[in-house]
Amino acid sequence: MKLLKLPFLSLLMIVVVSSSCDNNKTEQDPQLNYVDVSIDVIPKPLSVKKAEGSFTVDRNTSVVFDESLKNSAEFLELYLHKGVVMLSSSVDPKLVGSQIRFSVNDSIVEEGYKIEISAKELLIEAKDDKGAFFAVQTLRQLLPASFENSTDRKDSVNFDLLKIEDSPKFAYRGFMLDVARHFFTVGEVKRTIDLLAIYKINTLHMHLSDDQGWRIEIKSWPNLTAHGSKSSVGNKKGGFYTQEDYKEIQDYASKHHIVIIPEIDLPGHTNAVLSSYAVLNCNNKATKLYKGMKVGFSSLCVRKDITYKFIDDVIGELADITTGDYIHIGGDESHSTKKDDYIYFIDKAIAVVKSHGKKVIGWDEIAHSEIGEETVVQFWSKEDNASLAVKKGAKVLLSPSTHIYLDIKYNDSTEIGLVWAGLNSVEDAYTWDVDTLIAGVSVKNIIGIEAPLWTETVVTMDQLEYLVFPRLPGVAELAWSNANGRSWAEYRKRLAKQKNRFEALGVKYYKSDLVDWE
Ligand code: TNX
């Protein structure tokens, strides 16, 4: 087992248990009296009960797991090692003390989990590794923040005796990173994935192309990266991912139960394409690379056949390396494409994506074409587009720019970010009603929520983290947790407790004065 090659890992037992152990139910102590409690975890779990007493992780603790939950068991085991000094390196499996057990339970819903902590055993149950992974993120937030960076390794650590039952409200809980306006390296994207995982985000939408740059290797159209990747806003940070890089990001994300959704923005937002290939322009003249911040000036030449050869090649190569179900075709702000041409183009682009075995997501403007019921329409601006999508049987993904555009400034004094959608304070990002936001769009029409980070003004990781944190945990909670009893007054206290974790992780969060950071 790979983990055991690391010297310190031999200190804690990892044992694979066979399914016969499923019968080995936790022994309930009839004396224990459980009461409902609130714990400092974001997103807030569905139900938490607590009894007197504690469970101790120390040198005699073992982690045992059903094979299908191995990824999560190893994640927790590695994590515990960061904070607990294990004194003994030779634990006899027959003499183990407390046990952390990962057990398959088919009756638990998709992505849901149960945690039951008794004095002798910490039991994690889920249908598969997804739920178990989210359980681990809950346990992680119950541990001291020093576990994040091993600054204070202890001989043992205690958990309260808790029973937690949890499952998400929405299947799609997303974050979007614009790597086109400024490029972010594989390492930077991995760090972003690490941070998203803590809050049970399960989708990373990567905006891979825009007027200012093309960011993914397409072997059949090599000038897209040879030329089109060189630019960025202000020419500060160009670059691109090879297909191998993309797969590396995708594999890393999948270990964190995050699906990558690649976006190629079409038919507008395409200056980098039009600059790389003269033939894709109606006048056969390549444009210049663009480093400004305007939107809506570029369009593929909709009535040329070569345009459809181009999108078929690009989507085909992307579909081949993408493990998720969806490809995002953009479709926003095509102000220089005539309306008829736009609808004609989007219909064809949807057919291309389907022909490569994937489903379509597009920005809300695509609702005007023949989207079909399988398509997801991403609401960002026009409510009418979202309700039109619902009338056509499609599902809506909520990204209201008025609340959760993470590139929008917190307030007037925020040094980076845009203001076209107003201002989005930490409170604004949390206090909107998901279920009633858009007339004609009810919760059954909504697939989930995604917070985008456009990067016209974002160049460094520190700047990215400053805009994303602390707004993202609130969005994650809207997407995961039930709204019963939700209040900003209660949430801001839990958010304040994330301070130590942000700091231990080196997250350059914005210290909003709406929160009493502890
Ligand atoms: C609008 S949102 C855009 C992006 C910009 C963003 C800046 C959307 C679908 N299009 O092209 O980057 O505003 O906030």
Side-chain angles (χ1 to χ4, degrees), residues 174-184 205-215 231-234 236-237 261-273 290-300 326-337 342 346 349 360-369 371 375-386 389 396-410 414-424 428-429 437-438 449-459 463-464 466-468 471-472 475:
F175 170 70
M176 188 207 83
L177 181 60
D178 170 9
V179 294
R181 271 49 178 273
H182 287 108
F183 181 67
F184 289 84
H205 165 185
M206 297 184 75
H207 184 76
L208 290 169
S209 69
D210 213 302
D211 290 316
Q212 297 86 348
W214 183 277
R215 307 294 178 216
S231 49
S232 66
V233 169
K236 288 205 190 91
K237 216 180 167 199
I261 298 191
E263 177 186 352
I264 300 298
D265 204 346
L266 303 167
H269 289 276
T270 41
N271 184 70
V273 175
Y290 182 66
K291 60 175 181 140
M293 282 178 33
K294 278 197 258 173
V295 294
F297 62 90
S298 56
S299 178
L300 291 178
Y326 288 99
I327 301 245
H328 200 303
I329 58 169
D332 57 317
E333 299 172 318
S334 289
H335 305 318
S336 51
T337 319
Y342 176 83
I346 295 292
V360 176
I361 304 192
W363 298 106
D364 62 46
E365 292 94 322
I366 71 161
H368 293 278
S369 64
I371 47 180
T375 295
V376 171
V377 168
Q378 185 166 11
F379 167 73
W380 67 281
S381 137
K382 290 223 168 61
E383 297 191 2
D384 288 351
N385 289 345
V396 175
L397 173 62
L398 297 181
S399 299
S401 49
T402 45
H403 296 281
I404 58 167
Y405 261 35
L406 302 182
D407 62 311
I408 296 296
K409 292 185 180 205
Y410 291 99
T414 311
E415 279 173 20
I416 49 170
L418 303 177
V419 293
W420 69 266
L423 296 168
N424 287 342
D428 296 332
L437 181 73
I438 308 169
I449 306 178
E450 179 177 290
L453 182 72
W454 301 98
T455 58
E456 285 95 332
T457 67
V458 184
V459 188
Q463 291 172 334
L464 178 154
Y466 182 83
L467 290 174
V468 172
R471 285 183 286 198
L472 185 85
V475 179

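Predicted model, so just to flag it, every value in this text is computed and none were measured. Just so you know, ligand 1 is whichever comes first in the structure, and atom 1 is the first atom listed for that ligand.
Of the possible donor and acceptor atoms, none in the side chain of S369 sits under 3.5 Å from a partner among the backbone N and O of I346. Checking side-chain atoms of H182 against main-chain N and O of V458 turns up a donor-acceptor pair under 3.5 Å.
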Assess the residue pair I449 and I404 against the criterion (side-chain contact (heavy atoms from CB on, under 4.5 Å)); give the C-alpha distance rounded to whole Å, side-chain angles, the decisive distance to 0.1 Å, and a yes or no. CA-CA 9 Å; I449 306 178; I404 58 167; 3.5 Å; yes
Using the rule given for side-chain hydrogen bond (donor to acceptor under 3.5 Å, both in side chains), can you reason through N385 versus H368, listing the C-alpha separation, both sets of side-chain angles and the distance that settles it, and then say yes or no? CA-CA 7 Å; N385 289 345; H368 293 278; 2.8 Å; yes
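The nearest protein atom to atom 11 (O) of ligand 1, hydrogens excluded, is given as R181 NH2, 3.0 Å; this is a heavy-atom distance.
Cation-pi geometry between R471 and Y410 is met: under 6.0 angstrom from the ring centre, within 45 degrees of the axis.
Heavy-atom neighbours of K291 NZ from other residues, nucleotides or ligands within 6.0 Å: at or below the threshold of 12.
Between W363 and H205, the distance from one ring center to the other falls under 6.0 angstrom.
Close approach of ligand 1 to H269 is summarised as follows: ligand atoms under 4.0 Å from at least one heavy atom of the residue are 11 (O). Counting the atoms of ligand 1 from 1 in the order shown, those under 4.0 Å from a heavy atom of E333 are 1 (C), 3 (C), 4 (C), 10 (N), 11 (O). Near D407, the atoms of ligand 1 lying under 4.0 angstrom from a non-hydrogen atom of the residue are 7 (C), 14 (O). The ligand atoms of ligand 1 that sit less than 4.0 angstrom from a heavy atom of L418 are 7 (C), 14 (O). Taking every heavy atom of Y405 and a limit of under 4.0 angstrom, the matching atoms of ligand 1 come to 2 (S), 8 (C), 14 (O).
Taking only nitrogen or oxygen atoms, main chain and side chain alike, D332 reaches within less than 3.5 Å of ligand 1. Geometrically, ligand 1 and D210 share no nitrogen or oxygen pair separated by less than 3.5 Å. Below 3.5 Å of separation, one finds no N or O of D178 facing any N or O of ligand 1.
When E365, Q212, H207, E456 are ranked by how near their heavy atoms come to atom 12 (O) of ligand 1, first place goes to E456.
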